[in-house]
Amino acid sequence: MISTKVTVVKTKPYDDQKMGTSGLRKKVTVVKQENYSENFIQSIFNSYEPKDYEGKSLILGGDGRYYNDAVIKLTIRIAAAHKVAKIILAEKGLMSTPAVSLVIRAQPKDTNFGAFIFTASHNPGGPDNDLGFKFNSPNGAAISETMNNRVYEETKKISEYKIADYTGEISFTQPSKFEVEHPDGSKTQMEIVIESTTKHYIEEMRNLFDFDLIKTLFERKDFNFVFDGLHGISGPYAKEIFHGIFGVDEKNLFQCDPLPDFGGGHPDPNLVHAHNLVALMDVFCKNPYACVPDMGCACDGDADRNMILGPRVLVTPSDSLAVLAANSDLVKALSKNGKLAGVARSMPTSGAVDRVAKKLGLNVYETPTGWKYFGNLLDAGKITLCGEESFGTGSDHAREKDGIWAILCWLSILAQKNKGNTGKFIGIRDILGDHWKTYGRDYYCRFDYEDVPVDKAEIVKGNLAKNFDMFKGLKAGNEAFVFEYHDSVDNSVSKNQGWIYKYADGSRIVFRVSGTSSANATFRIYFEKHVEPNGDLWADTQKIIHDGENLPELAIKISDLNNVAGRTGPTVIT
Ligand code: VG1
Ligand code: CO
């Protein structure tokens with residue numbers, strides 16, 4: 001038993017602790033400022049009533065990035081000072097974001113305060129890079145926009161925090177107990193229990209998917225599968241599931257050991273940052289005679305994103321969502337209640353899934369960017385499947401997007417399509433091709449302009465609104481407006497969620513300012529062009545978005561981004 005006393009420490013507010021699209025993300029150098037983390041963690045407690053956390057359990061986990069250990073220890077000490085009775089600590093502090101969501105949901109609701117997830121997700125890690133704090137509610141979802149605002153208000157007026165004075169070692173692998181003496185002389189106890197990084201998650205996946213069926217796919221000699229963990233937290237799950245259960249050779253599972261700096265890489269599964277995998281799958285058709293694997297996939301730092309690649313093709317996340325919706329009957333996790341309850345996509349995600357929903361008679365909801373907006377729809381049973389263009393896909397099993405889950409969905413579809421098939425393997429290209437022949441193809445691409453100075457960003461925003469009328473005048477049926485979301489469950493309204501320039505056939509240019517970058521402004525420009533089923537379905541995306549209506553050229557004209565920011569083009573194209 002560790003004995004410790006609570007001390008009350010005076011502090012001054014920081015003015016930059018507003019949570020963005022997914023929690024608070026800052027450079028490690030910012031977080032290391034005096035009392036920075038203490039202030040933020042205390043502000044979370046201040047946003048609740050003592051009854052919400054006293055005597056309750058709190059879950060702690062993260063993606064293993066640099067400085068997480070220090071912040072986890074700090075959170076344990078602050079939790080002890082707030083009479084939390086039990087810390088459920090991920091072994092070595094390591095647990096993926098979706099796994100934390102599932103562990104929260106497995107706790108009895110009235111005994112649980114929630115979870116801190118220490119991750120900056122797809123942002124790089126290390127002493128000069130990013131750190132992140134997320135807080136999730138007992139339903140497993142990141143706290144709502146309303147709660148985010150409440151926490152922000154607390155961070156602006158904080159004057160003191162409460163912390164247990166114990167500064168010795170705390171084991172991240174063995175259970176321990178604290179006896180805590182409070183300022184009024186009363187004593188409480190707090191225990192730390194260790195939760196396996198992978199066990200609960202893998203049991204849930206076993207229940208959700210037909211693992212025996214998926215195994216038949218891996219038994220085929222002509223099915224080659226590769227996975228890239230990008231040194232994030234997906235590695236341990238990938239090793240246990242793909243190698244341990246499905247028998248994939250470990251040499252086909254790349255970068256599957258979590259590292260504090262992600263091996264110096266950017267743990268973001270996209271065409272740019274997962275370049276080794278993209279080259280191996282020959283997505284850009286540079287080695288037409290090379291033999292490439294049948295399926296390649298990757299997850300981001302905290303394993304909530306997924307990238308699916310077929311031979312020489314990227315399944316865009318927007319298409320992935322549409323294909324999963326169209327084939328939901330082949331996936332046990334999606335068909336467990338019969339048909340899908342409904343589907344949802346973030347606003348910039350392409351309309352591909354809308355076409356499927358229309359045909360299947362499903363409701364489709366368009367939400368602002370950020371997984372937290374799906375929470376109410378999932379809780380209300382209005383949707384079973386949802387996704388974002390930023391490589392996020394998920395369902396009602398959790399309240400976070402789920403990278404490994406999405407890969408298991410694709411494996412289920414491939415296994416079903418090839419069930420009893422002794423002939424030529426039916427692969428990802430076949431599935432995509434069939435899909436496009438039915439629904440047409442929504443060619444999709446995103447440009448990111450990173451690190452735009454805040455004053456320049458304001459000029460660009462001004463241009464975006466100013467040019468609505470110019471765009472509307474270009475072609476009959478054109479629309480241009482600012483996206484605003486009305487939540488059909490709690491009636492909350494989220495304003496200013498992006499600028500949309502839309503053609504009559506659903507093709508669009510969308511602008512947003514990122515809510516996850518840790519410094520300056522990042523503009524995201526999303527391009528989407530629809531091609532009918534009888535059109536060119538296997539063309540180069542860049543060619544399609546530039547030919548005819550030249551969407552990138554028009555976007556630059558509307559925003560004057562290159563001029564204002566002094567750029568010649570985007571920083572990242574995915
Ligand atoms: C980005 C994505 C968004 C995603 C968010 C968190 O936000 O665009 O779709 O939900 O990251 O993903 P933004 O505001 O930078 O565009 V994760 O995997 O970083 O938690
Ligand atoms: Co992530």
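For ligands, and for the atoms within them, numbers begin at 1 and follow the listed sequence. Just so it is clear, the model here is predicted, and its values are computed rather than measured.
Just one residue in the list Ile44, Thr119, Val31 forms a side chain to side chain contact (heavy atoms under 4.5 Å, CB included) with Phe133, and that residue is Val31. Screening Val226, Asn252, Leu253 for a side chain to side chain contact (heavy atoms under 4.5 Å, CB included) involving Phe242 leaves a single residue, Leu253.
Residue Asp302 approaches the Co ion (ligand 2) most closely through its N/O/S atom OD1. In terms of distance to the Co ion (ligand 2), the nearest N, O or S atom of Asp300 is named OD2. For the Co ion (ligand 2), the nearest N, O or S atom contributed by Asp304 is named OD1.
Residue Arg25 touches ligand 1 through its side chain alone, judged by heavy-atom distances below 4.0 Å.
Using a 3.5 Å distance cut-off with no hydrogens or angles, the side chains of Asp319 and Tyr439 do not pair a donor with an acceptor.
Between Arg150 and Glu153 there is no salt bridge, since none of the side-chain N atoms of the basic residue sits less than 4.0 Å from a carboxylate O of the acidic one. A salt bridge is defined here as a Lys NZ or Arg NE, NH1 or NH2 lying under 4.0 Å from an Asp or Glu carboxylate O, and Glu366 with Arg508 meets this definition.
Taking 2.8 Å as the threshold, Ser121 counts as a candidate ligand of the Co ion (ligand 2), since one of its N, O or S atoms lies below it.
In Gln542, the CD atom is crowded: over 12 heavy atoms of neighbouring residues, nucleotides or ligands sit closer than 6.0 Å. A 6.0 Å sphere centred on NZ of Lys73 holds more than 12 heavy atoms belonging to other residues, nucleotides or ligands. Shown here is Lys156, whose NZ atom has more than 12 heavy atoms of other residues, nucleotides or ligands within 6.0 Å.
Remark: ligand 1 atoms within the under-4.0 Å shell around heavy atoms of Gly370 are 10 (O). Residue Ser121 has at least one heavy-atom neighbour below 4.0 Å for each of these atoms of ligand 1: 17 (V), 18 (O), 19 (O), 20 (O). Atoms of ligand 1 found under 4.0 Å from any heavy atom of Gly515 (numbered from 1 in listed order, with element): 13 (P), 14 (O), 15 (O). Atoms of ligand 1 found under 4.0 Å from any heavy atom of Asp300, numbered from 1 in the order shown, are 18 (O).
Closest heavy-atom approach to atom 12 (O) of ligand 1 within the set His122, Arg446, Lys401: this belongs to Lys401. Taking only non-hydrogen atoms, the option from Arg524, Arg305, Glu389, Glu388 nearest to atom 11 (O) of ligand 1 is Arg305.
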